[in-house]
Amino acid sequence: MIEAAKIWNEPNNKSHWDLELDPGWEKFAEMAIAAGRAIRAVHPTLPRVLGGISPIDPAFIINMKERGVLEHVDVVAVHGFPLDWNLWQIDEWPAKLAEIQALVALPVWVTEVGVSSFGAEEVQAWGLQRTAELLGGRAPRIHWYSLYDLPTAWEATTRHREAEGSSYYRHFHMGLLREDGTPKQALSVYEQHAHAIGLCQWFHYQDHRLDEAVRWLRRLGVKQLRTGLSWADSFRPDALSWFDRQMEALAEFDVTVTFCFTPEHLGIAPHHTSAPREPEAFAEFCARMIERYCDASSRASAPPAPILAESPAL
């Protein structure tokens, strides 16, 4: 079942939000507030998560606080990939997390953390173990990115490709499983921590990996899963059939669902990273998805979610 709703993904990263159209995040803030209000209107207790920031930037959180966004969310989230793209070392994770925790009275979740096997599988396995040691007990929620490698026939969701050079190809090697579904060394390391660390797996429209992914999630003992529902995909002719299939397949897990990606015809510019012309349109999409995929009893009388609970020490 859905246990949390995440408002956008990496809004301070140009791969997910067009900063030229909205350099001060004024439009993003307006959209996030509208979405927070809409989600709360249809569900009285569902935790609303401010899209995981990447890079981890205190100035962005201060900006959101000043614009009133933090009054309409219940959780702040961060993402980090220090062995691949960030300009800081993996042992700085506690300090990076503390920077954000010091600014907000809300829980701070780590909704994406990962290590690519692009260089070596041993590096990924070591990085997973070290991440567990560094973040265990420090964040109420942690999601490892990801279960599967990104298929090489697809494109990574990034607008940094020209600048990244060979680092672009790290996007395709973040999984615990290879593209063909065979395990990497890190899979057995993750299995030891699945009780405390959830997974993040994006499922693309009509994703052929969905059923096999569910079998792996069960086998690994995963309880908490982060995935997404694309606002842009919602305009495909059979979008609801696909969304229904995806969410039904994932119903046994505690799902944090991320709402993001602007439909081209609704953006200020025709791109999924664009701010929408009408922020309420995104808010309405969020509300419709919560109404559809959170059962009526949970929306009417759900107890407060335990968002402040500490993760067990690893």
Side-chain angles (χ1 to χ4, degrees), residues 9-10 12-13 15-16 51-61 75-104 107-150 156-158 160 163-178 183-202 220 222 224 226 310-314:
N9 181 65
E10 299 186 0
N12 63 330
N13 186 323
S15 294
H16 296 273
I53 59 172
S54 180
I56 298 175
D57 180 10
F60 178 81
I61 296 300
V75 178
V76 170
V78 301
H79 296 172
F81 299 89
L83 293 184
D84 291 285
W85 298 300
N86 296 141
L87 302 179
W88 44 275
Q89 296 183 327
I90 191 170
D91 284 351
E92 294 178 68
W93 250 123
K96 288 293 181 181
L97 191 60
E99 279 186 317
I100 305 303
Q101 290 170 330
L103 293 174
V104 299
V108 181
W109 291 2
V110 181
T111 49
E112 274 189 41
V113 56
V115 177
S116 173
S117 62
F118 179 75
E121 285 194 22
E122 292 83 356
V123 172
Q124 185 185 47
W126 177 85
L128 199 164
Q129 177 61 36
R130 186 62 182 141
T131 298
E133 294 167 356
L134 290 165
L135 291 179
R138 290 188 169 94
R141 186 65 48 81
I142 307 165
H143 287 274
W144 184 262
Y145 178 82
S146 62
L147 179 61
Y148 278 101
D149 276 353
L150 184 68
T157 305
T158 177
H160 296 280
E164 284 182 327
S166 63
S167 292
Y168 170 78
Y169 298 98
R170 292 179 177 270
H171 290 282
F172 295 87
H173 300 273
M174 303 302 295
L176 302 172
L177 303 172
R178 301 180 187 90
K184 301 182 192 176
Q185 292 182 26
L187 184 77
S188 60
V189 178
Y190 174 79
E191 192 168 12
Q192 300 169 32
H193 300 291
H195 66 284
I197 298 179
L199 274 177
C200 176
Q201 179 62 57
W202 293 92
L220 293 168
V222 173
Q224 296 163 339
R226 177 178 167 237
E310 289 293 327
S311 296
L314 304 177

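Just so you know, residue 1 is the first one in the sequence shown, and it goes up from there.
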With the side chain counted from C-beta on, respond yes when [X] and [Y] share a heavy-atom pair under 4.5 Å apart, and no when they do not.
{"X": "Gln185", "Y": "Val189", "value": "no"}
{"X": "Pro82", "Y": "Trp93", "value": "yes"}
{"X": "Arg226", "Y": "Arg141", "value": "no"}
{"X": "Val115", "Y": "Trp144", "value": "yes"}

Approximate separation, where rounding is to 0.5 Å, of [X] [atom1] and [Y] [atom2]:
{"X": "Leu128", "Y": "Arg130", "atom1": "CG", "atom2": "CZ", "answer": "13.0 Å"}
{"X": "Asp91", "Y": "Thr131", "atom1": "CG", "atom2": "OG1", "answer": "9.5 Å"}
{"X": "Asn12", "Y": "His79", "atom1": "CG", "atom2": "NE2", "answer": "10.0 Å"}
{"X": "Lys96", "Y": "Gln89", "atom1": "NZ", "atom2": "CD", "answer": "11.0 Å"}
{"X": "Arg138", "Y": "Gln101", "atom1": "CZ", "atom2": "CD", "answer": "9.5 Å"}
{"X": "Leu176", "Y": "Ser188", "atom1": "CG", "atom2": "OG", "answer": "9.5 Å"}

Exercise for the section: Evaluate side-chain contact (heavy atoms from CB on, under 4.5 Å) for Phe118 paired with Phe172, printing each intermediate quantity in order. Expected result: CA-CA 8 Å; Phe118 179 75; Phe172 295 87; over 6 Å; no
Fill in the blank from the handout: Test side chain to side chain donor-acceptor pair (under 3.5 Å), reference Asp149, set His171, Arg178, Lys184, output is Lys184
Problem - Residue pair Leu187, Leu177: steps toward the side-chain contact (heavy atoms from CB on, under 4.5 Å) verdict - result: CA-CA 7 Å; Leu187 184 77; Leu177 303 172; 4.2 Å; yes
Taking [Y]'s backbone N and O only, do any of them form a donor-acceptor pair with [X]'s side chain (distance below 3.5 Å, no angle check)?
{"X": "Gln124", "Y": "Glu121", "value": "no"}
{"X": "Gln201", "Y": "Leu147", "value": "yes"}
{"X": "Asn86", "Y": "Pro55", "value": "no"}

Practice task
Determine the sole option in Val76, Ile100, Asn9, Asn13 for which the side chain to side chain contact (heavy atoms under 4.5 Å, CB included) test with Ile53 is passed.
Solution key: Ile100
Residue pair [X] / [Y]: nearest heavy atoms and the distance that separates them:
{"X": "Pro140", "Y": "Val108", "answer": "CD-O, 3.3 Å"}
{"X": "Trp88", "Y": "Gly80", "answer": "CZ2-CA, 4.3 Å"}
{"X": "Ile197", "Y": "Tyr190", "answer": "O-OH, 2.5 Å"}

Handout entry: From CA spacing to verdict: side-chain contact (heavy atoms from CB on, under 4.5 Å), Phe81, Met174
Key = CA-CA 10 Å; Phe81 299 89; Met174 303 302 295; 3.7 Å; yes
